[in-house]
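Every number for a ligand or one of its atoms is a count from 1 in the order of the listing. When a residue number appears, it is its place in the shown sequence, counting from 1.
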Amino acid sequence: MMKKGMLWIGLLGLIMMMAACGAENSGTESGGEEEQETGETGESGGSQEASGGNGSEADLEIFSWWTGAGEEAGLNALIDLFQEEHPDITVENAAVAGGAGTNAKAVLATRMQGNDPPSTFQVHAGEELNQSWVAADKMEPLNDFYEEEGLMDKFPGELIDMVSQDGNIYSVPVNIHRGNVIFYNMSVFEENGLEPPSTFEEFMEVADELQAAGVTPLALGDKEAWTATQIFENILLGTLGPEDYQALWDGEIAFDDERVVEAAETFKQMLGYVNEDHASRNWQDSAQLVSEGEAAMINMGDWAKGYFSNDLEMEVNEDFGYFAFPETEGNFMVISDTFGLPSGVENEDQVKQFLALLGSVEGQDTFNPLKGSIPARVDADESNYDEYGTDTIEDFREASLAPSLAHGSAASEGYLTKANQAVNIFVTQGDTERLLQSLESARSQE
Ligand code: GAL
């Protein structure tokens with residue numbers, strides 16, 4: 001576990017780095033209209049109090065990075081539901097644009113450091129919660145709340161463990177996203193007589209055929225580096241299997257292990273199949289390449305499912321299909337968005353009322369069908385989910401679970417920032433040795 005002093009130095013570094021990248025804090029002005037653009041503007045919808053940024057005057061300030069197309073519909077629906085039940089509470093949707101929290105995490109770190117926490121904020125289960133905020137004594141335990149709300153047996157035990165430290169539970173999961181999925185354009189596959197690949201070898205074969213047919217095999221939008229990191233973590237999972245994948249993040253397997261080297265080679269090979277303008281696209285822009293048929297496949301967490309179905313109005317298993325990332329069938333890269341109670345907030349009761357709703361069957365079944373994720377609760381009503389959802393619910397029950405690096409569960413935020421940088425350099429330079437050395441040396445600085 002990282003020492004607190006080290007932690008703050010790390011976070012400060014992160015803040016400065018993010019600030020240099022132009023982190024923006026969104027005001028909250030839009031009136032709940034869905035943005036068809038790509039989520040760059042930081043506007044957010046839902047019922048809310050317009051008060052823009054820090055020092056909110058609302059009773060309940062909900063902080064996340066769910067703004068724009070493919071991101072905000074679930075949250076807006078949850079906020080609307082909350083407002084119906086609690087019309088007297090003023091809510092501010094303080095979302096900061098940028099996939100995977102690219103900008104939001106830096107804004108949050110600044111606020112937490114300045115003792116100006118939002119009433120509640122989006123945080124991934126796992127190290128992002130535990131090493132950043134729990135270790136720094138910035139979160140309140142929620143054990144009593146879990147008891148009062150009868151939540152103890154409503155989430156999978158493994159998930160509760162991911163949001164717990166030393167017997168204390170620190171947040172409430174609203175969903176489970178899956179990271180090891182490839183979505184594909186079904187007509188493109190059909191026109192080219194292709195079947196979904198299940199091994200790396202098959203993937204390369206399919207990709208070669210697509211390339212020969214003039215279609216970009218794999219869409220990538222790594223304007224924000226996490227999208228490429230996500231591909232690499234899935235290759236690592238496929239190459240190492242779930243136990244050794246975990247052992248890698250636990251420091252028990254070195255980055256010069258021959259299977260890790262092999263994974264880096266596979267990564268390089270896959271990157272040979274992406275669209276040329278990948279560095280100028282974000283995840284939504286790259287998913288659009290698939291919807292338009294310019295690209296055939298995309299590896300994206302299943303928030304892309306929400307985007308395809310709800311924003312682009314594509315039909316699951318008609319317009320777009322899905323399959324497990326090669327060699328990861330039977331495994332589940334878990335990304336769970338959770339919300340907690342930061343220390344020092346004035347409106348604890350209102351925060352708990354919101355957490356109670358997002359932890360409830362009704363809350364989860366309102367949020368998740370729009371978000372593309374599955375409910376974190378074990379007793380949600382499956383009739384609310386389409387074929388993708390019910391398939392994923394079933395897979396989640398049976399699969400071996402693996403924590404995502406790109407989405408904050410496998411390693412600390414400081415490590416992830418360095419890993420994203422190393423991957424970003426790798427995407428342009430293709431130097432596998434340098435990539436693995438950077439990942440190893442970042443680890444030794446932990
Ligand atoms: C993940 C998050 C998802 C989704 C995605 C893209 O980190 O868990 O809910 O928002 O980023 O921004």
Side-chain angles (χ1 to χ4, degrees), residues 23-24 26 35 38-42 44 62-78 93 95-108 121-129 132 159 162-163 171-181 183 220-231 233-234 281-288 298-311 332-340 358 364 367-376 392 402-411 413 416-417 419-420:
E24 60 180 292
S26 73
E35 269 182 61
T38 51
E40 284 290 314
T41 60
S44 49
I62 302 166
F63 186 94
S64 76
W65 55 87
W66 290 330
T67 136
E71 297 272 46
E72 68 187 3
L75 178 63
N76 288 344
L78 192 62
N93 179 352
V96 176
T102 301
N103 304 316
K105 287 181 188 176
V107 173
L108 178 68
F121 61 87
Q122 175 187 3
V123 61
H124 289 124
E127 300 304 353
E128 189 178 311
L129 169 68
S132 294
L159 187 58
M162 284 174 79
V163 296
S171 68
V172 184
V174 65
N175 68 355
I176 310 273
H177 270 303
R178 184 174 200 170
N180 60 322
V181 206
F183 295 98
L220 176 67
D222 67 336
K223 188 169 160 188
E224 292 160 356
W226 60 270
T227 56
T229 304
Q230 188 175 259
I231 296 177
E233 74 183 10
N234 286 319
R281 289 178 183 262
N282 65 13
W283 76 261
Q284 292 98 330
D285 299 330
S286 61
Q288 277 173 24
I298 185 168
N299 164 225
M300 190 44 63
D302 46 19
W303 43 92
K305 190 297 163 172
Y307 182 53
F308 285 142
S309 295
N310 302 317
D311 294 273
F332 198 112
M333 188 69 80
V334 179
I335 299 152
S336 177
D337 295 301
T338 78
F339 287 77
L358 79 77
Q364 305 225 333
F367 176 86
N368 288 300
L370 293 168
K371 188 66 168 62
S373 37
I374 60 168
T392 309
S404 165
L405 169 71
H407 301 281
S409 296
E413 202 45 39
L416 172 57
T417 304
N420 278 336

**Asked** Is there a donor-acceptor contact under 3.5 Å linking the side chains of Gln230 and His407?
**Response**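 Yes, a side-chain donor-acceptor pair sits under 3.5 Å.
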**Request:** Give a yes-or-no answer on whether the side chains of Asn234 and Asn180 include a donor-acceptor pair shorter than 3.5 Å.
**Result:**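 No, Asn180 and Asn234 have no side-chain donor paired with an acceptor closer than 3.5 Å.
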**Asked** Under 3.5 Å, N or O to N or O, is Trp226 touching ligand 1 that way?
**Response**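 For ligand 1, there is no N or O atom that lies under 3.5 Å from one belonging to Trp226.
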**Message:** Test your reading of the structure: does Ala100 have an N or O sitting under 3.5 Å from an N or O of ligand 1?
**Reply:**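 N/O-N/O distance below 3.5 Å exists for this pair.
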Mark up the atoms of ligand 1 that fall under 4.0 Å of a heavy atom belonging to [X], in ascending order.
X      : result
Ile335 : 8 (O)
Gly99  : 12 (O)
His124 : 1 (C), 2 (C), 7 (O), 8 (O)

**Prompt:** Quick check, are the ring centers of His124 and Trp65 under 6.0 angstrom apart?
**Reply:**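 Yes, ring centres under 6.0 Å apart.
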**side-chain contact (heavy atoms from CB on, under 4.5 Å) partner of Trp283, chosen from Leu220, Asp222, Thr227** =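 Among Leu220, Asp222, Thr227, the one meeting side-chain contact (heavy atoms from CB on, under 4.5 Å) with Trp283 is Thr227.
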**Item:** Residue of the set Val174, Thr338, Asn175 for which side-chain contact (heavy atoms from CB on, under 4.5 Å) holds with Leu358
**Value:**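 Of the listed residues Val174, Thr338, Asn175, the side-chain contact (heavy atoms from CB on, under 4.5 Å) partner of Leu358 is Val174.
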**Prompt:** Considering only protein heavy atoms, which is closest to atom 6 (C) of ligand 1, and at what distance to one decimal place?
**Reply:**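 Among all protein heavy atoms, the one nearest atom 6 (C) of ligand 1 is Glu71 OE2, 3.2 Å.
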**Prompt:** For atom 7 (O) of ligand 1, what is the nearest protein heavy atom, given as residue, atom name and distance?
**Reply:**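 Residue, atom and distance for the closest contact: His407 ND1, 2.7 Å.
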**Message:** Among His177, Lys371, Lys105, which one puts a heavy atom closest to atom 4 (C) of ligand 1?
**Reply:**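 It is Lys371 whose heavy atom sits nearest to atom 4 (C) of ligand 1.
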**Request:** Mind telling me whether Phe308 and Phe183 have parallel, tilted or perpendicular rings, with 30° and 60° as the class edges?
**Result:**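 It falls in the perpendicular class, over 60°.
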